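Read through the structure below, which is laid out as C-alpha cells, and then see the notes.
From a predicted model like this one, the values you see are computed outputs, not experimental measurements. Protein chains get the first letters and strands the later ones, always in sequence-line order, with residue 1 at the start of each.
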There are 2 protein chains.
Amino acid sequence: MREVAAKAGVSVAVVSAVVSGGSGNVRLSEETRQRVLRTVEATGYRRNHAARALRSSHAGVISVVIPRVTNAVLARAMEGMQQLAQDEGLVLMLTDANWIVADGKVSNLMTRLSGTGIVDGFIVRTTSVGNEAVADLTARGVPLVILHEPFPGHDHVCVWVDDEPGVRAAAEHLIELGHEHIAMIGGPRHDIPDDAARSRGFRAALAEHDLPLTSQSILAVGYGEAEIAAAIRKLFQAATPPTGIVVDNVVAAPAAMATVVDLGLRVPDDVSVIAYHDIDAAGLTRPSLSTVKMPVEEAGRKGLETLLRLIAGEPAESVLVSDPPPVVIQRQSTAPPSRTRHRRRT
Amino acid sequence: MREVAAKAGVSVAVVSAVVSGGSGNVRLSEETRQRVLRTVEATGYRRNHAARALRSSHAGVISVVIPRVTNAVLARAMEGMQQLAQDEGLVLMLTDANWIVADGKVSNLMTRLSGTGIVDGFIVRTTSVGNEAVADLTARGVPLVILHEPFPGHDHVCVWVDDEPGVRAAAEHLIELGHEHIAMIGGPRHDIPDDAARSRGFRAALAEHDLPLTSQSILAVGYGEAEIAAAIRKLFQAATPPTGIVVDNVVAAPAAMATVVDLGLRVPDDVSVIAYHDIDAAGLTRPSLSTVKMPVEEAGRKGLETLLRLIAGEPAESVLVSDPPPVVIQRQSTAPPSRTRHRRRT
DNA sequence: TCCAGCAGATTAATGGATTTATCAACTCTG
DNA sequence: CAGAGTTGATAAATCCATTAATCTGCTGGA
C-alpha cells in the first residue's frame, strides 16, 4: 500500500480510503480516486486482509460447520445464507464436522478459528447439544448460531425450520391418501425424544385422525444405512406392517427405499414413502420421491441474520422459521393404499 | 497476550514462544512454560490469528473452491486433503463456486480472499480453463492448484486422477460382459474434446476390441438433468441403440437412469449402465450402480501436497494420480446383454 | 480585509503476535 | 580466576491497513 501511495503521489491513508471505499473523515476528489485506482491496477496491489482484520477486528468471514458437506438439505440452507452474505460482503467458509474431530478430541478448527481474527462467528449444525466444540465456543463468548430447534434447558441461540408442521404435513399426506397404518423412521436417536418437534408432528397427525400409534410407529435410528435397513425390516416383520412410511429426513430416503425394494415390496403399490425435506435429487429417483418442502433457504438466511446480530453485540433470540409453510410435493412414491395387500416375497 | 505476560510475570515474547510452541531463539524453562500455560488457561486468552497471519504472512488456511459442494466425488477428494491438512495443522475452507459468482462478474471471494492474509492458497475444481477467477489468481501469483487433467497449452498446475484408464476400464467392463453397442454420455461439452482423457479411454477400449464407434457414441452434454435426459433419448432413437452405456460421471447417473426407466427400458436387462467414479450412494439405488472406483482421495491429498510446495515457493508440476489403479465395482446395473432385445415401450 | 468553513489530503497512533538482537546470570574449563 | 559458552529471558522492530486528529489552501460572506 505504501508502494501504491508513493507511485500515485499520495499518502497511504488516501489509498486505504480508496480501496476500502471511503473511510473515516478522509475525503477524496474523484480525480485522485481514479489515479489511485489506476495505480492499484498497475502495481497489482492486493489488500492484506490479515492487517485489515487485525486493525478493524472484523474478518468478514463466517465459518459454517455441518456434519456432511454433501447433505443437500443443508446445501439449500447455505444458499439462503449466501444471499445475505453476498449483500453484506461476507465470505462463508464451509467445513465438514467430521474433518475437524481428530482422535476423539475436538479440533484444530477450534484452536485455529475460534481465536479472533480469522472468523467472526460460527453457524453450526449439530443434532446434539452435548457437542463439546459448541459448548466450548459459547463458553468463550464466540458468536454462534445452531441450525436446530432450540434445546430445552439450554440457552444456545438456535435457528431452524419448524419440524412439527412439516412432519405433520407428511403424515397427513399419507392419511389423506387413505393410509391407516403409518410409521416414521430415521433421525439420530437423541434427536427424537418424545417431545421433539418431529415426533410431536407425527403424533399430532395420527391423533387427529384417530389412527393407532404403537411403540413401533416411530423408529429413531440415525442415518446410517445399516440402521435404516434394519429399521425397515423390523417394520415389515410386524403383524400389521405399515402401508405408509414417513422418512424423517430425505437424506435417509435412499437407504430406506433400497431396503423396501429388497424386501420385494413395490413403491407406491405396496408401500407409500414420503420424505421430510425436499431436494432436487428426490425427483431423479424411480419411483421419484414425494417430499415435504420446508423453508430451508429462509432458515439459513435467518440463521446468518441472527449471527450477524450476535456479532454486532445485539441481543438475539432463537427462531423457528415457518414462512413459507410446509408444502407437500407429491411425486411417484405415494399413492392410495392398494386393497389387496401384497405379501413380502421373502 | 500482554495481559497474560503481565500476569505470568514474563514478557510477551515468552508468551508467544510458549503459545506457538517455541519460536526464534527464545529458550524456555519448563517451569516458566507451565506457569504461562496456566495463566493462558486462567485468563481465557485466545490467540489472535489476524495478527499472527499479518506477522508471519502465513494464515494456515487453504481455500477449496468446487462447483457444487454436494458433489460426492469431490467430497472424497476433500477427505484426502483433510488427512494431510490435519497433519500440517491447516484448515480447509470450502466454497461453492456458484456462491461466488455475482452478476456474471467474479466474486467477492476474489477480492476478499485472494489478498494476502486470509488464505495461503487455492485448490480449485474447474472443468474449463477459461475460468476468469483462475486466470486472475494465477496471474497475480497466488498459489493455486486445479483439480483436473492438465489443460493443453496452459501451464496451470493441475492434479487429478487419470481419467483415461478409468473410463477405459468402464468400457472394458461392458465389453467383457459381451456388449457390442456401447455409448458414452455426460461431461461438460468443453471437457470432452476428441483428445481429452475420457474420450481417449473410451475410444481406446472400443478400438482394441474392434467395436464400432459412430458419431453418436460419445455425447458430451453437461450434467444438467434436461441435457442428460435428451441425450439418453437420442441414443435410443438411433437405428441400433446401445446395450451398454458409460455415464462419464456418477453425479450424472441419477438423471441418466431415470430417463432410461422412463423410456420403459429395464436396467440391466435391456441396458447396462456403468458410471465413472464411485460413491457410497451408488450402492443405494435400485438397481444399484456399477462404477469405476478411482484414487480420488489420493488425488486430493496429492493436490494439497502440491499446493503446499507452491506456497513454500518450491517448483511444482502437474500430476495425474494413477495409484491405486481404477477398479470396477460391479453392482446390479451391469449384466450381459440379453438375446431378445426389448423394444422401447413408448 | 479578515475569518469561518470546507474540500482535500496527511500524520501518526493503533491492533496483536513474531522474531532478531541483546542482555544478565550462571557454569565450566584450563 | 578470567574468559568462553550456555541458559533463560527481554526489548524493540516489524507486518500492513485503518482512522482520529491535524494541517493546508481556498472560497464566500460580512
By salt bridge (Lys or Arg N to Asp or Glu O under 4.0 Å), A/Glu3 pairs with (sequence neighbours left out) A/Lys7
A/Arg47 has an atom CZ; how far is it from atom C1' of D/dT18, in whole Å? 10 Å
Spell out, as yes or no, whether a donor-acceptor pair under 3.5 Å connects the side chain of A/Asp120 to the backbone of A/Gly60. yes
Let me know, please, whether A/Ser56 or B/Ser29 comes out on the 5' side of the other along DNA chain D by nearest nucleotide. B/Ser29
Provide, to the nearest angstrom, the distance between the NE2 atom belonging to B/His58 and the P atom belonging to D/dT14. 23 Å
side-chain hydrogen bond (donor to acceptor under 3.5 Å, both in side chains) partners for A/Ser56, two or more places apart: none
Can you sort out the partners of A/Glu314 under salt bridge (Lys or Arg N to Asp or Glu O under 4.0 Å), two or more places apart, ordered by chain and number? A/Arg309
Taking B/Arg33 for the side chain and B/Val18 for the main chain, is one N or O donor matched with an acceptor at less than 3.5 Å? no
Output a table of nitrogen or oxygen pairs between the protein and nucleotides 10-12 of chain D separated by less than 3.5 Å.
| unit_1 | atom_1 | unit_2 | atom_2 | d |
| --- | --- | --- | --- | --- |
| D/dT10 | OP1 | B/Ser11 | N | 3.4 |
| D/dT10 | OP2 | B/Ser11 | N | 2.9 |
| D/dT10 | OP2 | B/Ser11 | OG | 2.8 |

Please list, chain by chain and in numerical order, all residues satisfying side-chain hydrogen bond (donor to acceptor under 3.5 Å, both in side chains) with B/Arg301, sequence neighbours excluded. none
My understanding is that only residues two or more places apart in sequence, or in another chain, count here; which of them pass side-chain hydrogen bond (donor to acceptor under 3.5 Å, both in side chains) with A/Ser322? none
Could you walk me through whether A/Met93 and B/Val91 satisfy the side-chain contact (heavy atoms from CB on, under 4.5 Å) test, starting with their C-alpha distance in whole Å, then the side-chain angles of each, then the deciding distance to 0.1 Å, before giving a yes or no? CA-CA 10 Å; A/Met93 164 173 164; B/Val91 171; 3.6 Å; yes
Across all chains, not counting sequence neighbours, the side chain to side chain contact (heavy atoms under 4.5 Å, CB included) partners of A/Gln34 are A/Glu30, A/Leu37, A/Arg38
A/Arg2 CZ to D/dC15 C1', straight-line distance once rounded to whole Å: 10 Å
Tell me: OH of A/Tyr45 to C1' of D/dC16, nearest whole Å? 8 Å
Nearest whole Å is fine: how far is D/dA17 C1' from A/Leu54 CG? 9 Å
For D/dT18, does OP1 or OP2 lie under 4.0 Å from any side-chain N or O of A/Arg52? yes
Using a 4.0 Å cut-off on heavy atoms, which residues in residues 30-40 of chain A reach DNA chain D? List them by number, or say none. none
What's the closest nucleotide to the B/Arg55 side chain, out of C/dA17, D/dT18, D/dC16? C/dA17
C/dG15 C1' sits how many Å from A/His49 NE2, rounded? 17 Å
Could you tell me the separation between the CG atom of B/Asn48 and the C1' atom of D/dC16, rounded to a whole number of Å? 14 Å
Contacts of A/Pro295 that satisfy side chain to side chain contact (heavy atoms under 4.5 Å, CB included) - sequence neighbours left out: A/Val161, A/Glu298, A/Val321, A/Pro324
Output all residues satisfying side chain to side chain contact (heavy atoms under 4.5 Å, CB included) with B/Ser318, sequence neighbours left out; order by chain, then residue number. B/Pro150, B/Cys158
Between the axis at one end of the helix from C/dT1-D/dA30 to C/dG30-D/dC1 and the axis at the other (five pairs apiece), what's the angle to 10 degrees? 50°
Give the rounded distance in Å between these two atoms: CG of A/Leu28 and C1' of D/dT18. 14 Å
Got a sec, which residues hit side-chain hydrogen bond (donor to acceptor under 3.5 Å, both in side chains) with B/Glu297, two or more places apart in sequence or on another chain? B/Arg76
If only side-chain N and O atoms of B/Arg46 are considered, is one of them under 4.0 Å from the OP1 or OP2 phosphate oxygen of C/dG16? no
